[in-house]
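Worksheet: the structure to be examined is printed underneath.
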Amino acid sequence: MSKNTIFVDGLGDICIVRNRRAKRYIFRVKDNILYATTPFNSSTNDLLRILGENKNRLKTLLQKSDQARPRLINLDYRIDTPNFKLEIVEGSVSKLLLNDSDKGIQIVVPRNTRLESPKTQTLLVKAIELLLLRKGKELLPSMVQQLADKHSLRYAQVKINLSRGRWGSCSSSGNINLSAFLLLLPNHLIESVILHELAHLTEMNHSERFWSLLDSYTNGQSRQLNNELKQYKTSVI
């Protein structure tokens, strides 16, 4: 097996991996670099021809890989939603400091902090998630109460967590569980998730009866809102 790199306009650097066992060309992306595994005796001209024939597909592959990479939390990082605003700033401090005001939350980091270091990134993610959880416990229960009252629904209690697996859930005993990551959504989608869980108080399933009931709460937009929700993720990066 041997490796070398070539540059192709529109695709960037491509790492060529010549493999004695390879019988065809295989492309994959790692760390935003395109890797081409080729038969050991294949020529560079053959590879360039195949790259040209598949250029659009490979560009899409690179774009998807780039979009899937976690955001780096640095001084350009912002969260700006109706219910949660946060930014990272430098200051004359010796350790992380939080400034909370009506305009939002500032996480102040010491000057010359290596923000890109894994240790700092982990610390910042944890700090942001805890702030999100605190804000979620402050805001989300009252939203549930208002929507439940509007539709004459009764639930047992509301619990706020940092679930990454789902936006919310409803137990058979009437407990509503909501992820604090909801605060990263626009208000109409927060309401959509809450109404989804409230509808489970009546229909503990996703049958047509459930969607019809949810349609009655959302002006017939239940599935449209559910599809829109798929554009978001339970993560701060």
**OP:** Please report the shortest heavy-atom distance between Thr5 and Cys15, naming the atom on each side.
**Re:** OG1-CA, 4.2 Å
Original post:
Once you round to the nearest 0.5 Å, how far does CG of Leu131 lie from CD1 of Ile105?
Top reply: 4.5 Å
Original post:
Does Lys230 use its side chain to pair, donor to acceptor, with the backbone of Asn226 at less than 3.5 Å?
Top reply: no
**OP:** Report whether Leu11 and Leu48 are members of the same hydrophobic cluster (ILVMFWY, side-chain heavy atoms less than 4.5 Å apart, transitive linking).
**Re:** yes
**OP:** Considering only NZ, NE, NH1 and NH2 on the basic side and carboxylate oxygens on the acidic side, decide whether Lys135 and Asp100 come within less than 4.0 Å.
**Re:** no
Subject >> Exam field: side chain Gln106 to backbone Leu98, donor-acceptor pair closer than 3.5 Å >> reply: no
Subject >> Residue pair Pro39 / Arg24: nearest heavy atoms and the distance that separates them >> reply: CD-O, 3.8 Å
Original post:
How about Ile16 and Thr37: do any of their side-chain heavy atoms sit closer than 4.5 Å?
Top reply: no
**OP:** For atom CZ of Arg166, decide whether the heavy atoms of other residues, nucleotides or ligands shown that lie under 6.0 angstrom number more than 12.
**Re:** no
Original post:
Checking Ser42 side chain against Thr38 main chain: does a donor-acceptor pair fall under 3.5 Å?
Top reply: no
Original post:
Does Glu129 pair with Arg164 as a salt bridge, N-O distance under 4.0 Å?
Top reply: yes
Original post:
Quick one: CG on Leu139 to CG on Leu182, what's the gap to the nearest 0.5 Å?
Top reply: 11.0 Å
Subject >> Ring centre gap for Tyr217 and His196 strictly below 6.0 Å >> reply: no
**OP:** Determine, for Glu53 against Arg49, whether the closest basic-nitrogen to carboxylate-oxygen distance falls under 4.0 angstrom.
**Re:** yes
**OP:** Please determine if Arg18 forms a cation-pi arrangement with Phe40, meaning its NZ or CZ atom is less than 6.0 Å from the six-membered ring centre and no more than 45° off the ring axis.
**Re:** no
Original post:
Asn187 and Pro82: which non-hydrogen atoms are nearest, and at how many Å?
Top reply: ND2-CB, 3.7 Å
**OP:** Measure from the side-chain N and O atoms of Thr120 to the backbone N and O of Glu116, and report whether any donor-acceptor pair falls under 3.5 Å.
**Re:** no
**OP:** Apply the test side-chain hydrogen bond (donor to acceptor under 3.5 Å, both in side chains) to residues Ser207 and Asn205: give CA-CA distance (whole Å), side-chain angles for both, the deciding distance (0.1 Å), then the verdict.
**Re:** CA-CA 6 Å; Ser207 64; Asn205 52 60; 2.7 Å; yes
Original post:
Under the side chain to side chain contact (heavy atoms under 4.5 Å, CB included) test, which residues partner Ser94, sequence neighbours left out?
Top reply: none
Subject >> Flag side-chain contact, heavy atom, 4.5 Å: Phe27 against Tyr35 >> reply: no
Subject >> Backbone N/O of Ile237 and side chain of Lys233: donor-acceptor pair under 3.5 Å >> reply: yes
Original post:
Distance-only, no hydrogens or angles: does the Thr113 side chain make a donor-acceptor pair with backbone N or O of Val109 under 3.5 Å?
Top reply: no
Original post:
Taking the side chain from Arg78 and the backbone from Leu75, do they hold a donor-acceptor pair closer than 3.5 Å?
Top reply: yes
Original post:
Thinking salt bridges, do Lys159 and Glu197 make one under a 4.0 Å N-O criterion?
Top reply: no
Original post:
For Asn161, what residues pass the side chain to side chain contact (heavy atoms under 4.5 Å, CB included) criterion, not counting sequence neighbours?
Top reply: Ser163, Asn177, Ser179
**OP:** Kindly compute the distance separating CG (Leu147) from CG (Leu153), expressed to the nearest 0.5 Å.
**Re:** 9.5 Å
Subject >> Heavy-atom donor-acceptor pair, Asp215 side chain to Ser222 backbone, under 3.5 Å >> reply: yes
Subject >> Any donor-acceptor N/O pair, Thr60 side chain to Asn56 backbone, under 3.5 Å >> reply: yes
Original post:
Could you state the interatomic distance from CG (Leu185) to CD (Glu191), rounded to the nearest 0.5 Å?
Top reply: 11.5 Å
Subject >> Flag for Ser43-Asn45: side-chain donor and acceptor within less than 3.5 Å >> reply: no
Original post:
Can you get from Val93 to Ile73 by hopping between Ile, Leu, Val, Met, Phe, Trp and Tyr side chains that sit under 4.5 Å apart?
Top reply: no
Original post:
Can you tell me how far the OH atom of Tyr25 sits from the CG atom of Asp46, to the nearest 0.5 Å?
Top reply: 4.5 Å
Original post:
Does Ile128 reach the side chain of Tyr77, with side-chain heavy atoms less than 4.5 Å apart?
Top reply: yes
**OP:** Indicate whether the side chain of Asn219 and that of Gln221 have a donor and an acceptor atom separated by less than 3.5 Å.
**Re:** no
Original post:
Should the heavy atoms of other residues, nucleotides or ligands under 6.0 Å from NZ of Lys55 be counted, would the total exceed 12?
Top reply: yes
Subject >> Which residues share a ring-ring contact (aromatic ring centres under 6.0 Å, His included) with Phe84, sequence neighbours left out >> reply: none
Original post:
Linking I/L/V/M/F/W/Y whenever any side-chain heavy atoms sit under 4.5 Å apart, do Leu97 and Ile79 land together?
Top reply: no
**OP:** Indicate yes or no: at least one non-hydrogen side-chain atom of Tyr155 is less than 4.5 angstrom from one of Asn175.
**Re:** no
Subject >> Side chain Asn54, main chain Ile50, donor-acceptor under 3.5 Å >> reply: yes
Original post:
Which distance, rounded to the nearest 0.5 Å, do you find between the CD of Glu203 and the CG of Leu198?
Top reply: 14.0 Å
